[in-house]
Amino acid sequence: MSGWIPTGGGLRDEDWARRHRLLTALLAACVLALTGFGALGTGLDQSWLISVLLILPCVVAAVVLPPRRLPSIFVALGFTIACGGFVAMTEGLTESHFTFFIAVAALALYRDWAPFGVFLIFTTLHHAVFGAVVSHRTYDHDSAYAHPLLWAVLHGVAVLFAAAFQVVAWRLTEAEERRAQESLDDSQAQLSLAFDETPTPMAMLAPDGRLLRTNAAYRKWLSLPDDPAGLAVPDLPLRAVDGDNLTLFAQLTEAIEPVVVTRQFRRATDGALSWVEIHSTALRDPQGRLRLLFVHCIDVTRAREHEAELRHQVRHDSLTGVLSRSAFEHDLAALLAERPEPVCVLYLDVDRFKSINDGAGHTCGDEVLRALAARIARCVPGDALVARIGGDEFVVALPAPLDTGIRIGQAVLAAVAEPLTVADGRLQLAASVGLAVAAGAGQAEQGVLAADTAMYAAKRAGGNRLEVFNDRMRVSVQDRILAEARLRQALDGDRDATLPVWFQPIVSAADGRILGAEALVRMCTPDGEILAPGHFIAAAEETGLVVPLGEHVLISALRHLLLWQDELGYVSVNVSPRQLSEPGFVPMLAGLLARVPALAPHRLVLEITETALLGTSVDLQERLSAVKALGVRIALDDFGTGYSSLTWLQSVPADVVKLDRSFVAGLAGDVRKSSIISAVLWLARSLGMTAVAEGVEAEADRQALRHADCPAIQGYLFSRPLPAPEFDAMLRRRTVLAAV
Ligand code: C2E
Ligand code: MG
Ligand code: MG
């Protein structure tokens with residue numbers, strides 16, 4: 001039963017107060033209404049006076065008494081009096097009883113049993129007492145005059161019914177409110193659970209920066225007490241590194257839309273740095289004023305570190321720690337784009353790195369590269385870019401003019417040349433460095449290419465030096481492109497006609513007998529021009545066309561040797577490093593020799609140059625041993641032009657040393673030269689080698705060489721390189737002469 005009855009009193013204080021003010025005002029208005037009614041109609045009689053005098057204290061009590069029961073009871077009492085008074089003033093007019101129903105409806109606003117009950121009781125009492133005592137002022141019909149009590153009950157029941165429906169409405173409202181409250185509680189509980197239990201640190205902040213509510217993850221993250229109320233943004237143990245907490249908070253509160261900011265913070269306790277991603281949403285009232293700021297904070301330090309590590313890995317060479325090729329290209333392009341001043345690009349390639357790597361092992365090679373990177377980095381200013389862009393190739397970009405670039409390049413060369421102690425002992429390194437100046441956006445690639453070309457020139461000049469890129473090199477690049485096209489054409493044609501092999505005799509220094517000949521290739525262009533190898537060998541080497549070209553020269557040389565086998569001791573053929581490093585070189589050579597079984601393999605000599613071998617990538621020692629195993633002899637060509645010839649003499653299993661022309665020319669008048677020649681000849685002899693002096697043009701030099709006991713000489717003094725038919729003729733003439 002109790003479930004059917006509303007509990008009442010459920011209004012919130014402010015709602016109750018608002019309704020009470022309204023009903024009190026209505027009650028006060030009743031005084032005015034009764035007065036107006038009396039003055040205009042029935043007259044301000046005794047009933048009016050009593051009513052007004054009784055209502056006014058009720059109004060006063062309703063205003064002054066403390067909430068909530070008592071003042072509402074006085075309002076109910078006041079309404080009973082006002083209705084009763086009105087009935088009396090109209091002498092019991094039936095329609096004036098309507099006011100009781102109005103009052104019931106009005107008092108239902110309190111949703112409280114007390115004023116409601118008081119009104120019902122007093123209304124019934126009024127009808128009973130006044131109906132019996134002054135029935136003419138209570139009712140307006142005879143039946144009621146005769147049975148006032150009956151009519152009092154009748155009126156009471158009617159009012160009761162009106163009240164009952166109000167109660168029903170009131171009960172229904174309460175039920176709806178309860179249901180709404182329950183579902184609100186439910187969703188609030190869900191939200192609280194989600195907020196409190198989520199592992200992401202979350203907080204709600206008041207507009208002044210105070211913490212209103214925090215979840216457990218937030219408190220744990222910041223080591224805050226269980227109830228951090230009262231703490232504000234400046235008190236938090238994490239301080240924004242860039243700016244301060246309050247500025248950051250202000251920035252978040254100003255945002256209209258939800259924002260995400262990532263900031264670095266320093267922990268107040270131990271100074272540790274961490275990156276935090278803050279997702280913030282500002283809650284505003286309809287006027288746009290900030291109500292609260294909701295933030296959730298994700299510590300992204302690990303992700304950032306990981307990201308930075310990855311970026312570092314991508315941008316850096318894992319072996320040496322300097323920049324990677326791609327990072328260098330990117331940074332150089334950016335550097336050139338942002339400054340109009342020139343940038344020097346240094347391209348460095350370690351001389352004969354391959355032999356260090358193969359000879360001393362890869363671990364040692366790695367150690368060398370690391371040491372080199374450190375030495376280079378030591379020589380360059382802090383704003384320079386240093387990268388490793390290939391096995392033993394480093395590149396440096398210096399935001400500096402040419403003279404500074406040269407100075408630093410020389411310093412790098414000197415640093416590289418310092419003896420290096422590695423696990424297996426001491427190493428003496430050298431490098432070839434190319435320098436080019438780049439300026440302006442979009443010139444990065446050109447700059448590196450030019451420095452590479454200059455490096456190549458340094459390598460050709462014997463290594464261990466710095467070459468600055470010049471326009472001649474640019475021209476030579478174009479020349480090489482032209483030469484390549486010509487060479488391809490020549491190789492596609494009848495090779496004996498397009499690429500004839502000429503022969504230059506190598507003669508005995510003592511008596512001028514022809515001992516052998518050097519095969520020197522020429523190119524016949526379609527317009528009949530004859531080109532020396534200087535015009536196309538470099539292009540052949542760079543493009544790899546030297547492989548078929550070299551094979552052609554070998555075939556031609558062997559064929560001619562077979563032809564002259566009774567007159568000519570041996571033929572000497574130049575082999576480029578590119579050719580020698582081809583995996584198929586030794587099998588190819590073996591195949592060619594197998595085709596001429598009549599020729600002893602030692603009658604073939606392969607000439608290799610030291611300078612050209614600086615850049616080779618195969619194990620030279622191993623390859624030369626394989627060549628020697630075939631019985632073929634090896635000559636060190638251009639001896640004396642390289643910077644470490646003597647070392648080389650001992651490490652290469654050569655049979656012949658060919659003293660370079662620069663060494664030989666003017667020998668007769670140069671004591672220093674002749675003593676060097678004597679020393680080299682002595683060393684060669686002691687190592688079991690024979691020697692050939694190249695480029696002998698003067699008789700005096702020949703004499704000097706003869707006195708120095710140089711066994712063989714080659715040079716214009718005897719003959720220039722000749723086409724095969726002319727060489728053949730010379731050979732026969734000489735043989736005939738010798739026979740005479
Ligand atoms: P190299 O092997 O040192 O050949 C000797 C060069 O010196 C030849 O030049 C020859 O003509 C020149 N020469 C000989 N005697 C004298 C002299 O008394 N005075 C002067 N000024 N020069 C003299 P060439 O034929 O122009 O060849 C140049 C270089 O080209 C050769 O130098 C060799 O390294 C290379 N080469 C020639 N033929 C071939 C080949 O078939 N294959 C390869 N890979 N390289 C070749
Ligand atoms: Mg040669
Ligand atoms: Mg030579």
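Read the numbers this way: they start at 1 and go in the same order the structure lists the ligands and their atoms.
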Record the part of [X] in heavy-atom contact with ligand 1 below 4.0 Å; permitted values are side chain, backbone, both and neither.
X    : answer
L520 : both
D638 : side chain
R720 : neither
D637 : side chain
S576 : both

D638 near the Mg ion (ligand 3): N/O/S under 2.8 Å: yes
Write out the residue and atom name of the closest protein heavy atom to atom 38 (N) of ligand 1, then the distance separating them to 0.1 Å. V521 N, 3.3 Å
Criterion side-chain contact (heavy atoms from CB on, under 4.5 Å) against L683, the qualifying member of L681, L687, V680: L687
Which of V322, V386, L346 passes side-chain contact (heavy atoms from CB on, under 4.5 Å) with I376? It is V386
Any idea which atoms of ligand 1 are less than 4.0 Å away from a heavy-atom of [X]?
X    : result
I537 : 43 (C), 45 (N), 46 (C)
Q504 : 10 (C), 14 (C), 15 (N)
P721 : 11 (O)
E697 : 17 (C), 18 (O), 19 (N), 20 (C), 21 (N)
V553 : 41 (O)

Angular separation of OD1 (D637) and OE2 (E694) seen from the Mg ion (ligand 3), to 10°: 100°
For ligand 1, is [X] a contact, meaning one of its heavy atoms is under 4.0 Å away?
X    : value
G534 : no
G695 : yes
R522 : yes

Would you check whether [X] has a nitrogen or oxygen atom less than 3.5 angstrom from a nitrogen or oxygen atom of ligand 1?
X    : result
P533 : no
Q714 : no
T609 : no

Just go through N574, V573, L554 and tell me whose heavy atom is the nearest to atom 42 (N) of ligand 1. N574
Atom 9 (O) of ligand 1 protein-contacted (non-hydrogen atom, under 4.0 angstrom): no
Could you check whether R486 makes a cation-pi contact with F536, meaning its NZ or CZ is under 6.0 Å from the centre of the six-membered ring and within 45° of the ring axis? no
Y716 six-ring face occupied by R720 cation (under 6.0 Å, within 45°): yes
Please report, to 10°, the angle around the Mg ion (ligand 2) from atom OE1 (E607) across to atom OD1 (N574). 90°
For the Mg ion (ligand 2), which N, O or S atom of E518 is at the shortest distance? OE2
Centre-to-centre under 6.0 Å for H602 and Y570, is that the case here? no
